[in-house]
Amino acid sequence: SSDLRNAPPALRDLPEADAREPLSIEQRILCAYAAGAAAVALYMLIANLRFRRRIARSQAGSLTGEAWAAYEALCGELRMCPLPAAYADPLSGACLVGTLRPRIFLPLAIRRADVRFTLLHELCHAKARDGLWGFLRNVCCVLFWFHPLVWLGAHLSRMDAEMACDERVSERLSAPERVDYAEMLVRATARRGMPGIGVLATGMSMNGRRMKARVVGIVRSRAVRRSA
């Protein structure tokens, strides 16, 4: 070319660059893995942003009166500092949202008799750092998105967190209160209040035989058999 003819002699002797070599199999596999991990991470990010936006738009005021007094009493029993707690409408079920700075949200239409049980349930989640465990589950799903057993394990771990929370709650309830608590969980299941997969929020509902075992274990005041 004209550029090479005008170049110094030392540069004229250099061979022209070869055409770009195709990616090796290892490089293609790495690219596919990175693309899959990025897609899963993006999906979880969008799911959490949408959930947070929906919660922010539906906030209907903080706890007041008897609800706040019951909440402070429960925090004292558990030796915890009160977390931010508020009502939201519409909201299918109570939830603990967030990892480092969790917040409790209750449905505005919640029954007065269910407020104490619901707050105790969510506080037990917070005390067990279930928000952090949820984040770690998401990290595992992003890193091992291609492995179905990782997704299954994340799902079972989430169910186990709910059942472990029931055990901690049941330890603080009398026999009649455990029956009321179990009835509240059944009502929560009817509303299908479990947040979607990847969302960093707890949910009280559970379907199928797991809910039956969960309720029986609470009423009989024994440990519910876990998934793992």
Side-chain angles (χ1 to χ4, degrees), residues 51 54-98 102-128 130-131 134 158-195 199 201-224 226:
F51 184 82
R54 187 168 71 248
I55 285 288
R57 291 176 178 175
S58 63
Q59 286 193 44
S62 301
L63 301 184
T64 57
E66 294 181 4
W68 180 255
Y71 181 50
E72 285 190 316
L74 289 173
C75 291
E77 292 177 14
L78 295 172
R79 298 180 181 180
M80 296 177 59
C81 295
L83 302 174
Y87 295 105
D89 185 53
L91 182 65
S92 57
C95 55
L96 178 73
V97 182
R103 297 170 59 93
I104 296 174
F105 290 95
L106 306 180
L108 184 60
I110 189 173
R111 295 174 38 161
R112 181 178 298 180
D114 293 344
V115 171
R116 178 174 176 271
F117 296 140
T118 303
L119 288 172
L120 179 57
H121 181 95
E122 301 305 336
L123 284 173
C124 285
H125 272 305
K127 193 174 181 66
D130 284 339
R158 191 179 187 185
M159 296 299 101
D160 282 352
E162 288 298 323
M163 299 170 81
C165 186
D166 290 338
E167 293 175 17
R168 291 188 288 269
V169 172
S170 298
E171 291 172 355
R172 299 178 176 275
L173 302 179
S174 64
E177 287 177 328
R178 288 196 297 271
V179 174
D180 294 337
Y181 176 68
E183 291 177 350
M184 182 200 68
L185 292 178
V186 173
R187 288 193 294 271
T189 298
R191 293 191 297 269
R192 298 185 180 276
M194 181 69 77
V199 176
T202 63
M204 300 180 69
S205 67
M206 190 181 295
N207 298 325
R209 289 178 296 178
R210 276 289 166 191
M211 173 54 76
K212 182 178 179 180
R214 185 179 179 185
V215 170
V216 170
I218 293 168
V219 173
R220 294 182 179 176
S221 187
R222 59 175 175 79
V224 181
R226 301 190 193 176

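Starting from 1, each residue takes its place in the sequence as its number. Computed over heavy atoms, backbone and side chain alike; hydrogens, waters and symmetry mates excluded. Because the structure is predicted, anything quoted here is derived from the model rather than measured.
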Quiz prompt | Heavy-atom closest contact (Leu120 atom, Arg172 atom, distance) | solution = CD1-CD, 4.1 Å

Quiz item: Ignoring hydrogens and geometry, is there a side-chain-to-backbone donor-acceptor pair from Ser58 to Ile55 under 3.5 Å?
Solution: yes

Self-check item: Non-neighbouring partners of Pro84 that pass side chain to side chain contact (heavy atoms under 4.5 Å, CB included), sequence neighbours left out
Solution: Arg103

Quiz item: Which pair of heavy atoms, one from Pro102 and one from Gly98, lies closest together, and at what distance?
Solution: CB-O, 4.1 Å

Practice problem: Would you check if Ile110 and Val115 make a side-chain contact, meaning some heavy-atom pair closer than 4.5 Å? | Solution: yes

Quiz item: Among all residues two or more places apart in sequence or in another chain, which pass the side-chain hydrogen bond (donor to acceptor under 3.5 Å, both in side chains) test with Glu183?
Solution: none

Exercise. Compare every heavy atom of Ala126 with every heavy atom of Met80, then report the nearest pair and how far apart it is.
Key: CE-CB, 3.9 Å

Quiz item: With side chains defined as the heavy atoms from C-beta onward, is the minimum distance between Glu162 and His125 less than 4.5 Å?
Solution: yes

Exercise. Quick one: pull up CZ in Arg178 and CZ in Phe117 and give me the separation to the nearest 0.5 Å.
Key: 11.0 Å

Self-check item: Nearest atoms (heavy-atom pairs only) where Ala94 meets Thr118
Solution: CB-CG2, 3.1 Å

Quiz item: Do any N or O atoms from the side chain of Lys127 and from the backbone of Leu78 form a donor-acceptor pair under 3.5 angstrom?
Solution: yes

Quiz item: Would a 4.5 Å heavy-atom cut-off, applied to side chains only, mark Val97 and Val199 as touching?
Solution: no

Quiz item: So does Glu66 have more than 12 non-hydrogen atoms from other groups sitting under 6.0 Å from CD?
Solution: no

Quiz prompt | Non-neighbouring partners of Tyr87 that pass ring-ring contact (aromatic ring centres under 6.0 Å, His included), sequence neighbours left out | solution = none

Exercise. Show your working on side-chain contact (heavy atoms from CB on, under 4.5 Å) between Leu123 and Ile104 and close with a plain yes or no.
Key: CA-CA 8 Å; Leu123 284 173; Ile104 296 174; 4.0 Å; yes

Exercise. Drop me the distance from Asp166's CG to Leu173's CG, to the nearest 0.5 angstrom.
Key: 10.0 Å

Quiz prompt | Spacing of CD belonging to Glu122 relative to CG belonging to Leu74, to within rounding of 0.5 Å | solution = 12.0 Å

Quiz item: What are the two closest non-hydrogen atoms of Ala201 and Arg158, and how far apart are they?
Solution: O-NH2, 3.7 Å

Self-check item: side chain to side chain contact (heavy atoms under 4.5 Å, CB included) partners of Asp89, counting only residues at least two apart
Solution: Leu108

Quiz item: Is any side-chain heavy atom of Arg187 closer than 4.5 Å to a side-chain heavy atom of Met184?
Solution: yes

Quiz prompt | side-chain hydrogen bond (donor to acceptor under 3.5 Å, both in side chains) partners for Ser174, two or more places apart | solution = Glu177

Quiz item: Roughly how far apart are Phe51 CZ and Cys95 SG, rounded to 0.5 Å?
Solution: 4.0 Å

Quiz item: Does the Thr202 side chain pair with the main chain of Leu96, one donor and one acceptor, at a distance under 3.5 Å?
Solution: yes

Quiz item: How about Trp68 and Leu119: do any of their side-chain heavy atoms sit closer than 4.5 Å?
Solution: no

Quiz item: Between Tyr181 and Asp114, does a side-chain hydrogen bond (donor to acceptor under 3.5 Å, both in side chains) hold up when you go through it step by step?
Solution: CA-CA 8 Å; Tyr181 176 68; Asp114 293 344; over 6 Å; no

Exercise. List for me each residue that meets side chain to side chain contact (heavy atoms under 4.5 Å, CB included) alongside Ala128, sequence neighbours excluded, and say none if there are none.
Key: Asp130, Arg168

